[in-house]
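Below: the structure, in structure tokens.
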Amino acid sequence: MKSKALVKLLSDGRVHSGERLAGELGVSRTAVWKQVRRALDEGFDIGTVRGRGYKLITPVDLLDTGVILNGLASAVRSQISLGVLDQVDSTNAEILRQIDSGATGVPVAIADGQTMGRGRRGRTWRSPPGENLYLSVGLTFHGGFSVLDGLSLVLGVAVADTLESLGVSGVRLKWPNDIFLPEGKLGGVLVELQGELQEGVVQVVAGIGINVHMSRADDVDQPWSSLARHSPEHSWSRNQIASALIASLLESATIFAEKGFAAFRESWQARDLFSGQHIVAREGEVAGVGCGIDEQGNYLVETEAGVVSIRAGEVSLRVVL
Ligand code: BTN
């Protein structure tokens with residue numbers, strides 16, 4: 001985003017004279033005018049107030065490294081290595097690259113927009129710039145891949161906790177880890193694994209997408225929501241959500257490493273979207289009523305023949321309409 005410095009100055013919503021902007025940006029007034037044209041080309045809604053200057057008409061919610069770091073407790077801040085990017089292929093891919101290059105600390109990548117956002121099952125994750133939160137964290141666990149059972153559900157709980165701490169009501173989890181509001185899907189979690197670099201040490205990339213300001217998504221083929229759609233009266237800040245989410249993810253990962261999935265099972269069940277619903281799995285082979293998860297995070301379906309457990313990574317569940 002080439003016009004970021006200008007847009008940041010205008011983001012207070014006030015009228016700024018060309019002269020003042022020129023001073024603040026250290027450029028000529030003609031250069032300010034050119035930057036305004038560029039910002040308009042980039043999609044920002046800037047108006048000219050005759051004789052007074054420029055004003056941002058539609059508010060923007062810019063990502064800001066300093067604001068995100070300030071929103072974190074110092075114990076969390078000192079653990080992470082935060083990169084805030086204007087645009088990237090995928091924040092998950094970015095973290096994988098950082099792990100490959102031997103990055104130290106807990107790497108966290110946040111992007112304003114993604115050009116190749118990845119969803120589960122090889123799907124694309126819609127990632128328009130300026131609208132949503134795209135965040136990935138690199139987490140390290142000890143004890144081999146078997147210690148990761150239930151981790152993706154734990155991350156869903158961490159996202160739900162974060163949203164509730166910010167005042168969002170009605171958050172539900174659709175097994176294994178989709179984040180739902182009553183209107184539809186609000187976000188998702190994509191866990192990608194890096195091989196064991198040293199024996200027993202496993203690197204995990206936890207990628208979270210949350211729809212924040214998105215108001216249109218013509219190409220999304222399922223009911224969806226965004227925080228702005230759900231609570232239009234609230235002025236959502238991606239920086240604030242990012243700080244709260246980073247803290248929650250790190251805390252949950254620490255508890256998970258110590259106590260395993262058992263510490264999260266109840267929190268997950270309390271938000272189970274399928275509970276009591278008639279559902280089918282394995283392409284119709286299993287049909288019954290959703291009744292929560294077992295100790296490993298497998299989904300349980302009560303059928304006429306008894307309870308059947310569905311493994312994460314297996315066929316997805318769907319509600320029978
Ligand atoms: C899903 O399909 O529900 C999971 C979506 C995960 C999207 C996030 S956005 C940040 C991170 N980077 C990606 O490319 N994907 C994840």
Side-chain angles (χ1 to χ4, degrees), residues 1-71 84-88 91 110-115 117 125-135 163 166-168 181 183-187 209-220 223-245:
M1 190 202 306
K2 295 210 171 99
S3 56
K4 191 169 183 178
L6 171 80
V7 174
K8 197 170 175 185
L9 291 173
L10 294 176
S11 65
D12 59 7
R14 297 192 178 153
V15 179
H16 291 248
S17 71
E19 195 177 345
R20 192 164 146 206
L21 288 170
E24 282 165 326
L25 293 167
V27 298
S28 68
R29 286 188 62 177
T30 313
V32 168
W33 180 80
K34 282 188 186 154
Q35 286 197 29
V36 170
R37 303 284 335 151
R38 189 157 58 198
L40 287 166
D41 288 345
E42 284 178 350
F44 293 101
D45 195 5
I46 297 172
T48 310
V49 183
R50 196 185 285 269
R52 291 182 56 208
Y54 304 101
K55 181 182 187 318
L56 199 58
I57 295 167
T58 306
V60 291
D61 175 21
L62 293 179
L63 290 173
D64 187 314
T65 312
V67 176
I68 297 171
L69 289 173
N70 274 337
V84 177
L85 308 152
D86 277 346
Q87 187 177 286
V88 72
T91 51
I110 303 178
D112 188 61
Q114 300 183 116
T115 53
W125 186 253
R126 205 171 180 282
S127 309
E131 298 197 15
N132 303 322
L133 186 64
Y134 318 110
L135 180 151
L163 293 167
L166 296 169
V168 185
L181 286 174
E183 315 81 65
K185 182 162 169 170
L186 174 75
I210 300 176
N211 299 333
V212 181
H213 300 291
M214 198 157 77
S215 59
R216 291 192 59 168
D218 301 337
D219 47 349
V220 174
W224 61 273
S225 190
S226 67
L227 294 175
R229 262 187 159 187
H230 183 68
S231 312
E233 70 292 347
H234 194 295
S235 115
W236 293 103
S237 151
R238 291 186 296 168
N239 295 318
Q240 189 192 9
I241 304 167
S243 303
L245 185 57

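Remark: the backbone N or O of N132 is not paired with any side-chain donor or acceptor of N211 at under 3.5 angstrom. With hydrogens and angles ignored, the 3.5 Å screen pairs no side-chain donor or acceptor of S17 with any backbone N or O of G53. The main-chain N or O of L62 is found under 3.5 Å from a side-chain atom of N239 such that the two form a donor-acceptor pair. Side chain of H230 to main chain of V168: no donor-acceptor pair is present (N/O by atom type, distance under 3.5 Å, no hydrogens or angles). Side chain of W125 to backbone of G209: no donor-acceptor contact under 3.5 angstrom is found. T30 places no side-chain N or O within 3.5 Å of a backbone atom of S28 that could act as its donor or acceptor partner.
We find the NE2-OG1 distance between H213 and T58 to be 12.0 Å, quoted to the nearest 0.5 Å. Of the inter-residue distances, the one linking Y134 atom OH with L63 atom CG reads 10.0 Å to the nearest 0.5 angstrom. Taken to the nearest 0.5 Å, the OG atom of S226 stands 13.0 Å off from the CG atom of L133. How far NE2 of H234 is from CG of L227: 9.0 Å, rounded to the nearest 0.5 Å. Distance CD1/I68 to CD/Q240: 11.5 Å, rounded to 0.5 Å. I46 contributes atom CD1, which lies 5.5 Å from atom CG of L10 (distance to the nearest 0.5 angstrom).
For Y54, there are no side-chain hydrogen bond (donor to acceptor under 3.5 Å, both in side chains) partners two or more places apart in sequence or in a different chain. Take R229 and apply the salt bridge (Lys or Arg N to Asp or Glu O under 4.0 Å) test, not counting sequence neighbours, and it matches no residue. Under the ring-ring contact (aromatic ring centres under 6.0 Å, His included) criterion, W224 pairs with no residue, sequence neighbours left out. In this structure, the side-chain hydrogen bond (donor to acceptor under 3.5 Å, both in side chains) partners of S225, at least two apart in sequence or on a different chain, are E183.
Of all heavy-atom pairs spanning G117 and S127, the tightest one is CA-OG, 3.8 Å. The two atoms that bring L56 and S11 nearest to each other are CD2-CA, 3.9 Å, heavy atoms only. Closest approach of S231 and W236 over heavy atoms only: O-NE1, 3.4 Å. Contact between G18 and V32 at its shortest, heavy atoms only, is O-CG2, 4.0 Å.
L135 places none of its side-chain heavy atoms less than 4.5 Å from the side chain of T91. Within the 4.5 Å cutoff, no side-chain heavy atoms of L181 are placed close to those of L163. Between T48 and V36, the closest side-chain pair of non-hydrogen atoms is not below 4.5 Å. Between P129 and Q87 the shortest side-chain heavy-atom distance does not fall below 4.5 Å.
Each salt bridge (charged side-chain N to carboxylate O under 4.0 Å, His left out) pair with one or both residues in residues 37-64, not counting sequence neighbours, appears once here: K8-D64, D61-R238. For residues 9-34, the pairs satisfying salt bridge (charged side-chain N to carboxylate O under 4.0 Å, His left out) are R20-E24, with sequence neighbours left out.
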